[in-house]
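Positions are given from 1 along the sequence. Atoms within each ligand, like the ligands themselves, are counted from 1 in listed order.
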Amino acid sequence: MTPPIPQSSPGAGYLACKDEIDAAIAEVLSSGWFILGKQTAAFEKEFAQFLGAGHSVGVGNGTDALELALRACDIGPGDAVLTVSHTAVATAAAIELAGATPVWVDIDPETFTMAPERLRETISEYEEAAVGKNLPLLKAILPVHLYGHPADMPAILEIARLHGLRVIEDCAQAHGATLNGKPVGTWGELAAFSFYPTKNLGALGDGGAVVTNDPALAEKLRLLREYGWQERYVSRLPGMNTRLDEMQSAVLRVKLRHLAADNARRRDIARQYDEALAATPLRLPRISSQAESVYHQYVIRTERRDELKAQLQAAGVGTLIHYPVPIHQQPAYAGRCYQSLHGLPHTEQAAREILSLPMYPQLTNESVNQVCDLLLRWCN
Ligand SMILES: Cc1ncc(COP(=O)(O)O)c(C=O)c1O
């Protein structure tokens, strides 16, 4: 009996650099300083450098990073934000936490990211529907680089420019992904990252960051993350409390040094899946030209998804569905937010067919082969 293969393994990520992490944590413990100190300042600088961005502001998690990015743009009640329904619910939750309303845009079925054509169509339909009505005003576009694959940023930025909309990127699943050689997180005005343990850059708890090239926005974010304090105990803005702590920052500094190699290993695993499964009827991930994915997930498609998932589970192989119910169909959101008259057919079809195979840097070639053998047998 071979040991089970999990879909992801943050524990293996820790063990891979345990000595370095343990030493970094010991340093924080002996410093006696746990919130907003040297480690967070150093991580913010190193993460901004890694991306080639001007500033990075550490916060409590990725959802807060999105909310804070929206708030920094003064987006709130009475405003609408164009985003996708095929994403983690956090994307929509953050828009509503800021007080704004999501407007759904369908995805490109090949890349699972916001389809520029559908974005254009949704904006013009929404603007027409808003005439004479009290609908929230479109203020921003929030594309998600889902599964580590960059959204079509040049097209999205052009549409944003034409309509005077701001662009905030959801980079929670795409640390290090690039488009035309330019990292995601440096295309929009602001970008939000999550350091949830399973992410490509994962902490040993919650963490997040907002990235921007604009020094004034960076300054505003620093205020907003800590009660709006300009100086201690005096709030200049109504802010929140969402800080990346010293312990997680120290861990992330270690993990950041391994990120490029970890992403390369994910691409290597993806290549092995691609080659082994090429001749099967399974639909494999497609990477658009000029894009470099960091394969946060390796997502295949089949109409017999549930059957395949059960079969793999029975053989000890963990898989997940990211995500089984599109946000616009979840009880908390159903019927509340605007969507195109054409509906969201690609979003809904993806939710029925997708399956995320095991994917994490410490996954061995032997385990990848085992998963591929099971898939090949299932297909024949
Ligand atoms: C696409 C996306 N956006 C936002 C988030 C929110 O991040 P967090 O879980 O750190 O709040 C996540 C992570 O779950 C995510 O996958």
Report task. Would you kindly confirm whether M247 and L15 end up in one hydrophobic cluster when ILVMFWY residues are joined by side chain heavy atoms under 4.5 Å apart? Result -> yes
**Report entry** Path from I287 to V144 over hydrophobic side-chain contacts below 4.5 Å
**Finding:** yes
For ligand 1, which atoms have a heavy atom of [X] less than 4.0 angstrom away?
X    : result
T87  : 1 (C)
N61  : 10 (O), 11 (O)
V144 : 1 (C)
T91  : 3 (N)

I need the nearest protein heavy-atom contact for [atom]: residue, atom name and distance, please.
atom                    : value
atom 5 (C) of ligand 1  : A90 CB, 3.5 Å
atom 3 (N) of ligand 1  : D170 OD2, 2.7 Å
atom 11 (O) of ligand 1 : T63 OG1, 2.5 Å
atom 16 (O) of ligand 1 : Q173 NE2, 2.9 Å
atom 9 (O) of ligand 1  : S194 OG, 4.1 Å

Strictly by modelled atom types, are [X] and [Y] linked by a side-chain donor-acceptor pair under 3.5 Å?
X    : Y    : result
E348 : H328 : yes
K309 : T319 : yes
E20  : H258 : yes

Query - Nearest candidate to atom 15 (C) of ligand 1, where distance is taken over non-hydrogen atoms, out of C171, A172, P197, A92 - result: A172
Query - Proximity winner for atom 8 (P) of ligand 1, if only heavy atoms of G207, G60, G62 are counted - result: G62
Requested in this report: Evaluate the ring planes of Y147 and H86, with Trp represented by its six-membered ring, and classify them as parallel (under 30°), tilted (30 to 60°) or perpendicular (over 60°).
Outcome: perpendicular
Query raised in the report: Hey, would you say the F47 and F195 ring centroids sit under 6.0 Å apart?
Result: yes
Query raised in the report: H149 and F112: aromatic ring centres closer than 6.0 Å?
Result: no
Query raised in the report: Can D214 and K220 be counted as an ion pair, charged N to O under 4.0 angstrom?
Result: no
**Report entry** Sub-4.0 Å heavy-atom contact, Y323 with ligand 1
**Finding:** yes
Requested in this report: Say whether K199 and ligand 1 are in contact under the criterion: heavy-atom distance to a ligand atom below 4.0 Å.
Outcome: yes
